[in-house]
Amino acid sequence: MSSLHIEAAPGQIADTVLLPGDPLRARFLAHELLEEVVQVNGRRNMLGYTGRYRDQPVTVMGGGMGIPSTAIYVTELARHYGVRRILRVGTCGGVGEVSLGEVLLAQSASTDARFNRLQFGGHDLAACADFSLLRAAVDAAAARGLPARVAAAFSTDCFYDGDPQLLAHLRRHRICGIEMEAAGLYGLGMREGFAALAILTVSDHLERDEHMPAEQREQGLRTMGELALAAALPMP
Ligand code: HPA
């Protein structure tokens with residue numbers, strides 16, 4: 001039986017899921033990185049694919065933008081399909097010393113969203129990545145000679161017109177990537193018991209008015225996808 005928002009049969013979703021926000025990026029990544037690719041979700045056009053990487057099953061599916069959309073898919077992936085690892089691959093705005101195109105491995109994700117508080121008695125959750133996945137991603141990046149930075153991220157609910165002081169607060173706390181999903185993913189990982197990691201490419205620098213060109217974004221996506229697969233499914 002399918003879940004409410006995912007039409008796949010239970011056996012069609014792998015234990016490991018790569019989760020870009022954009023469903024077309026899910027299609028691109030699946031065909032670029034996996035073999036024997038089959039589409040397993042098309043509901044609301046939130047495309048999902050399952051294929052094989054080094055002979056192991058992997059699902060790549062879009063999660064949409066923001067915590068509410070991401071949380072719907074992630075909750076159903078965890079509860080209904082029993083997914084064990086979810087790796088977000090996405091872009092973020094850069095703050096402070098980070099460079100355009102740099103890959104961030106988000107160790108933690110602070111947020112202005114209420115999502116985790118709603119499920120944590122109103123308290124502040126230290127939303128953090130799964131340590132084993134984070135360490136595996138660090139190792140995989142080092143093995144590739146890829147200078148990935150273990151970093152603190154911030155997930156905002158406001159792409160436009162948020163707190164005008166936000167960048168100053170982020171700099172003050174040495175948070176160098178801003179996006180919209182990681183804190184929700186990490187909170188759900190902690191509550192539902194799956195391993196979560198967000199791998200983020202700095203696509204825009206928010207203080208320097210620098211923006212990554214489209215071709216570089218595609219290459220960044222491929223790099224993150226390869227890193228995510230190497231971290232989640234290391235060589236035996
Ligand atoms: N803000 C929020 N989310 C983002 C950004 C940003 O500047 N860049 C990429 N995702």
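Index from 1, following the sequence. Just follow the structure's listing: the first ligand is 1, and inside any ligand the first atom is 1. Keep in mind that the numbers below use all heavy atoms, side chains included, and drop hydrogens, waters and symmetry copies.
- Between Leu206 and ligand 1, no N or O atom pair is found at a separation short of 3.5 Å.
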Validation: residues 96-108 side-chain donor-acceptor distances under 3.5 Å, sequence neighbours left out:
unit_1: Glu102; atom_1: OE1; unit_2: Ser99; atom_2: N; d: 2.8
unit_1: Glu102; atom_1: OE2; unit_2: Arg149; atom_2: NE; d: 2.6
unit_1: Glu102; atom_1: OE2; unit_2: Arg149; atom_2: NH2; d: 3.2

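- Counting only N and O atoms by type, the side chains of Thr91 and Thr201 include no donor and acceptor under 3.5 Å apart.
- A donor-acceptor contact under 3.5 angstrom links the side chains of Ser3 and Glu76, judged on distance only.
- The shortest contact between atom 4 (C) of ligand 1 and any protein heavy atom is with Ile178 O, 3.5 Å.
- For the residues Asp204, Val202, Thr91, the heavy atom positioned nearest atom 10 (N) of ligand 1 is part of Thr91.
- Taking a cut-off of under 4.0 Å to the non-hydrogen atoms of Gly93, the atoms of ligand 1 that pass are 5 (C), 7 (O), 8 (N), 9 (C).
- Residues Asp163 and Asp112 form no side-chain contact, since every pair of their non-hydrogen atoms from C-beta on lies 4.5 Å or further apart.
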